[in-house]
Amino acid sequence: MGETNDQRMAGPTVGAPGASGAVPTAEAVSAPTGSVQVADAQVADAPSAHHDAGVQGGLPERHFVHHSYIWLGSLRAFGTVLVALIVGCLGSLAGTVAEMGSADPGERFGILVGIGAAAAGILVLGVVIVVVQVWSYRHLFYEVGEEEFSLYSGIFTKKRMHIPYQRVQSVNHTASILQRLAGVCTVKIETAGGASNEGATVPYITNADAETLRLELFARKQAVLEGRPIPVGMSAAAAIAQQATAPCAAGEAPVRVSGRPFAGGALEADGARNVLDGADELLQDVRGIWGGLAVDTGHVTYEHGLSNRELVLTGLTNSTGFALVAIGVIGTVAQIASGIFELFGDSTEEVANAAVSVGRGMPLEMVVSGIVLFLLLVAFLWALSAVGSCVRFGGFRARRRDTRIEVEHGLLSRKFHGVDVDRVQSVIIRQGFIRRLMGYCEVSLAKVDSAAQSSEDAEASSLRTGLVVHPFVKMDRVPKILAGLVPEFADAPVESRPVAPVALRRVLVRHCTWAGSGFWIVLLAAAGQVSVHAALSLPGVQAEVGPFMGIIDPVFVLFYVVGVLVIALEAVGAVLWFRESSFAFNRRFMQVTNGGFSRESVLLPRKKIQFGTVKTNPFQRAAGVATLSVTTAAGLGTTLKLVDVRKEDAEAWLGWLRPGGNRTVSE
């Protein structure tokens with residue numbers, strides 16, 4: 001029915017799925033030490049359980065999403081539409097209420113009929129949403145084949161997505177508060193194709209099925225890479241148990257289905273906990289109405305969380321929530337003002353003039369009280385934003401599980417993100433101005449991402465700048481965290497190469513003139529003042545503008561003062577950049593640091609560099625300096641730059657980049 005869109009992820013050509021067998025849910029298996037023991041994830045719900053149709057004609061079994069896709073999905077869509085209607089019709093609703101007060105009985109009856117018709121239309125819209133959701137549910141399913149994962153969706157326009165297991169890089173989970181109470185989540189499968197490839201999103205599957213799917217995908221990936229794919233009729237848990245106990249033939253290496261180089265190691269944890277961890281653990285244990293039993297997806301060797309201090313500081317320094325609350329308040333005030341203006345109609349101008357007159361006659365004490373109340377409101381919104389951020393980071397955990405790094409957080413809306421260590425492009429240590437003063441930083445991992453499928457993947461899109469493995473940590477704890485999460489990045493270069501001495505003069509000239517904001521503030525203020533004074537010579541302008549010159553000139557002076565202060569701050573930032581900016585490289589790694597009021601240090605392996613360039617302009621050539629540019633595959637393609645390094649250092653770095661050039665660098 002309708003057009004078919006068959007999409008296959010980029011990768012090596014893969015064969016057809018196995019000839020027989022169905023993929024059951026993970027069953028508890030008894031395995032020796034070092035293997036995975038998976039709990040039974042089968043649920044009693046018929047719609048969420050795997051269908052019993054079996055495998056027909058050698059095809060893998062179809063797995064439909066949970067039936068909460070219908071109810072929670074309909075509720076979400078209907079709520080979104082209802083809120084949009086209420087916000088859009090707020091002004092009209094206020095006008096209608098005002099008209100009912102002065103309308104005669106016949107007009108009131110007509111207004112009530114109109115309101116009833118609108119309510120009936122909303123009810124019909126809700127029914128239509130449920131019908132569409134049910135229809136979509138019957139056409140949304142996935143299959144776990146022998147060599148690839150397949151996702152089918154679409155009512156009229158059919159879409160089939162096939163992902164070879166060797167392309168799977170991470171399996172992420174997100175769950176809203178309603179999904180968490182129901183025990184379901186949305187799974188996002190990301191691939192190795194970078195931002196040009198589209199990830200697969202499987203909505204509304206139970207927690208147990210999500211964990212089982214994650215285990216299946218990574219185990220089957222390892223098996224395919226080793227040339228021994230798991231048959232369609234066998235689950236990954238059964239394959240792990242069988243191959244762990246099966247004797248090897250003479251001269252044959254044992255099969256490592258799960259690909260777990262750290263299996264058997266003891267768990268190392270820093271013990272950091274906060275007041276919200278207990279509530280999060282309770283929610284994790286309950287697992288929702290249809291969540292099912294927990295499934296072991298691998299061996300954890302390192303884990304850390306947030307202390308109370310780190311959680312509070314993370315909330316206080318997060319401005320995103322505050323900005324969203326402020327925008328919401330401004331929008332609400334605008335809607336209320338619009339309703340008031342529409343309510344008063346033709347007398348709106350008189351009301352506004354009366355308000356202005358009252359404001360002019362207001363005593364100074366009342367003005368000061370208004371300012372204090374406004375500041376208290378801002379502080380309240382900031383505190384509200386901080387509480388929201390603390391709840392968002394509640395239950396924060398970052399761990400190393402086998403060859404993957406996993407991060408999950410969120411007390412109400414839960415988010416789980418993971419990345420294979422081979423996919424990590426660089427380690428980023430960021431220090432904003434406040435974090436620098438306190439000796440803290442943010443640690444994140446830059447990684448390759450698949451493209452977001454829709455606006456619902458905004459969270460995934462935001463992660464393209466890096467997966468945050470600790471939002472607010474002291475600098476002296478960073479080495480321990482990196483050693484536990486990414487020991488592959490332990491060989492950081494130690495001998496840094498600072499920028500050239502002439503870079504101080506050049507950065508001061510740039511930041512204090514054309515590249516700085518203060519210079520342009522002063523320049524525009526001077527141009528504006530000259531223009532105003534020149535306009536005074538025109539006929540009629542003197543009479544209009546002259547009385548206001550006593551106010552206009554001080555305003556321009558204020559702009560001059562602000563511009564000079566900004567120039568001074570930019571000069572200080574330029575000096576800090578000169579003192580702290582550097583780069584370093586050894587046989588395997590490169591590190592780039594850019595300083596200033598904020599500081600960012602990026603550590604990346606040589607093999608992750610896509611290409612590097614050295615650029616010079618005529619002024620740089622005269623000064624004997626150059627600009628380094630390093631491009632990696634993180635996000636949509638990330639380029640690191642460091643300007644005004646010594647020419648000889650730049651040439652040595654270029655030699656290091658050439659094939660085999662790192663052999664000349666000592667460890």
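Using a 4.0 Å cut-off between charged side-chain N and carboxylate O, Glu190 and Lys447 make a salt bridge. Comment: Glu216 does not engage Lys221 in a salt bridge, judged by the lack of any side-chain N to carboxylate O separation of less than 4.0 angstrom. A salt bridge links Arg287 with Glu211; the closest basic N to acidic carboxylate O contact falls under 4.0 Å. Salt bridge annotation for Glu408-Arg397: absent, with no cationic side-chain nitrogen under 4.0 angstrom from a carboxylate oxygen. By the 4.0 Å N-to-carboxylate-O rule, Arg588 lies close enough to Asp491 to be salt-bridged with it.
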Starting from the C-alpha separation in whole Å, work towards a yes-or-no answer on side chain to side chain contact (heavy atoms under 4.5 Å, CB included) for Phe583 and Arg497.
CA-CA 5 Å; Phe583 77 104; Arg497 303 179 184 226; 3.9 Å; yes
Please report the C-alpha distance between Tyr142 and Leu213 in whole Å, then the side-chain angles of each, then the deciding distance to 0.1 Å, and finally whether the side chain to side chain contact (heavy atoms under 4.5 Å, CB included) criterion is met.
CA-CA 10 Å; Tyr142 63 91; Leu213 179 60; 4.1 Å; yes
Can you check side chain to side chain contact (heavy atoms under 4.5 Å, CB included) on Phe489 and Leu603, steps first, answer last?
CA-CA 8 Å; Phe489 284 73; Leu603 174 66; 4.2 Å; yes
Residues Leu657, Phe611; criterion side chain to side chain contact (heavy atoms under 4.5 Å, CB included); working and verdict:
CA-CA 8 Å; Leu657 273 183; Phe611 58 88; over 6 Å; no
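Between Phe589 and Pro493 the shortest heavy-atom distance is CB-CD, 3.8 Å. Residues Leu225 and Gln166 share a closest heavy-atom pair of CD2-CB, 3.6 Å. When all heavy atoms are compared, the tightest approach of Arg401 to Gly298 is NH1-O, 3.2 Å. Shortest non-hydrogen contact noted between Val187 and Ala210 is CG2-CB, 3.7 Å. A pairwise comparison of heavy atoms in Arg138 and Phe64 identifies O-CE2, 3.5 Å as the closest pair. Across every non-hydrogen atom of Ala175 and Val184, the tightest pair is CB-O, 3.7 Å.
In terms of modelled atom types and a separation under 3.5 Å, the side chain of Asn594 and the main chain of Ser601 share no donor-acceptor contact. A donor-acceptor pair is defined here as one N or O able to donate and one able to accept, closer than 3.5 Å; no such pair exists between the side chain of Arg273 and the backbone of Gly305. A donor-acceptor pair under 3.5 Å is absent between the side-chain atoms of Arg423 and the main chain of Arg404, judged by distance alone. For Asp402 (side chain) and His299 (main-chain N/O), a donor-acceptor pair under 3.5 Å exists by modelled atom type. In this structure a side-chain-to-backbone donor-acceptor pair under 3.5 Å is missing from Arg399 to Glu303. Here the side chain of Ser136 pairs no donor or acceptor atom with the backbone of Val132 at under 3.5 angstrom.
Ring centroids of His470 and Phe472 are separated by 6.0 Å or more, keeping the two rings apart. The ring of Phe149 has its center no closer than 6.0 angstrom to the ring center of Tyr165.
Checking Ser150 against Arg160 by side-chain atom types alone, no donor-acceptor pair falls below 3.5 Å. Checked by atom type, the side-chain pair Asp209/Thr206 shows a donor-acceptor distance below 3.5 Å. Ser496 and Gln591 share no donor-acceptor pair across their side chains, judged by distance under 3.5 Å alone. With 3.5 Å as the limit, one finds no donor-acceptor pair spanning the side chains of Thr174 and Arg414. Using modelled atom types and a 3.5 Å distance limit, the side chains of Ser413 and Ser176 yield no donor-acceptor pair.
Summarising the geometry, atom NE2 belonging to His139 is positioned 11.0 Å from atom OG belonging to Ser153; distances are rounded to the nearest 0.5 Å. Remark: Tyr137 OH to Ile155 CD1 distance equals 14.0 Å, nearest 0.5 Å. One distance of note links NZ of Lys415 with NZ of Lys188; it measures 13.5 Å at 0.5 Å rounding. Atoms CZ and CG, from Arg214 and Asn172 in turn, are 9.0 Å apart once rounded to the nearest 0.5 Å. The line from CG of Leu181 to CG of Leu283 is 7.5 Å long, rounded to the nearest 0.5 Å. Rounding to the nearest 0.5 Å places CG of Leu293 at 11.5 Å from CG of Asn207.
Inter-residue side-chain proximity for Pro487 and Leu482 is flagged as unmet; no heavy-atom pair is nearer than 4.5 Å. Thr403 has its side chain out of reach of Phe218: every pair of non-hydrogen atoms, C-beta onward, lies at least 4.5 Å apart. Counting only heavy atoms from C-beta outward, the side chains of Leu485 and His304 approach each other to under 4.5 Å. Gln179 has its side chain within reach of Thr186: a pair of non-hydrogen atoms, C-beta onward, lies under 4.5 Å apart. Annotation: side chain of Glu143 is in contact with side chain of Tyr152 (closest heavy-atom distance under 4.5 Å). In this structure, Leu151 and Val202 have side chains that are in contact, with non-hydrogen atoms separated by less than 4.5 Å. Side-chain contact between Val473 and Cys441 is present, with heavy atoms from C-beta onward closer than 4.5 Å. With contacts defined as side-chain heavy-atom distances shorter than 4.5 Å, the pair Val443/Val468 does not qualify.
Note on ring orientation: taking the six-membered ring where Trp is involved, the planes of His66 and Trp290 are tilted (angle from 30° to 60°). In this pair, His409 and Phe393 present their aromatic rings parallel. The plane angle is below 30°, not in the 30 to 60° band. Ring orientation note: the planes of Tyr69 and Tyr204 are nearly perpendicular, at an angle over 60° on the 30°/60° scale.
Each of Val427, Thr632, Ile428 was evaluated against Leu604; a single residue qualifies, Thr632, per the side-chain contact (heavy atoms from CB on, under 4.5 Å) test.
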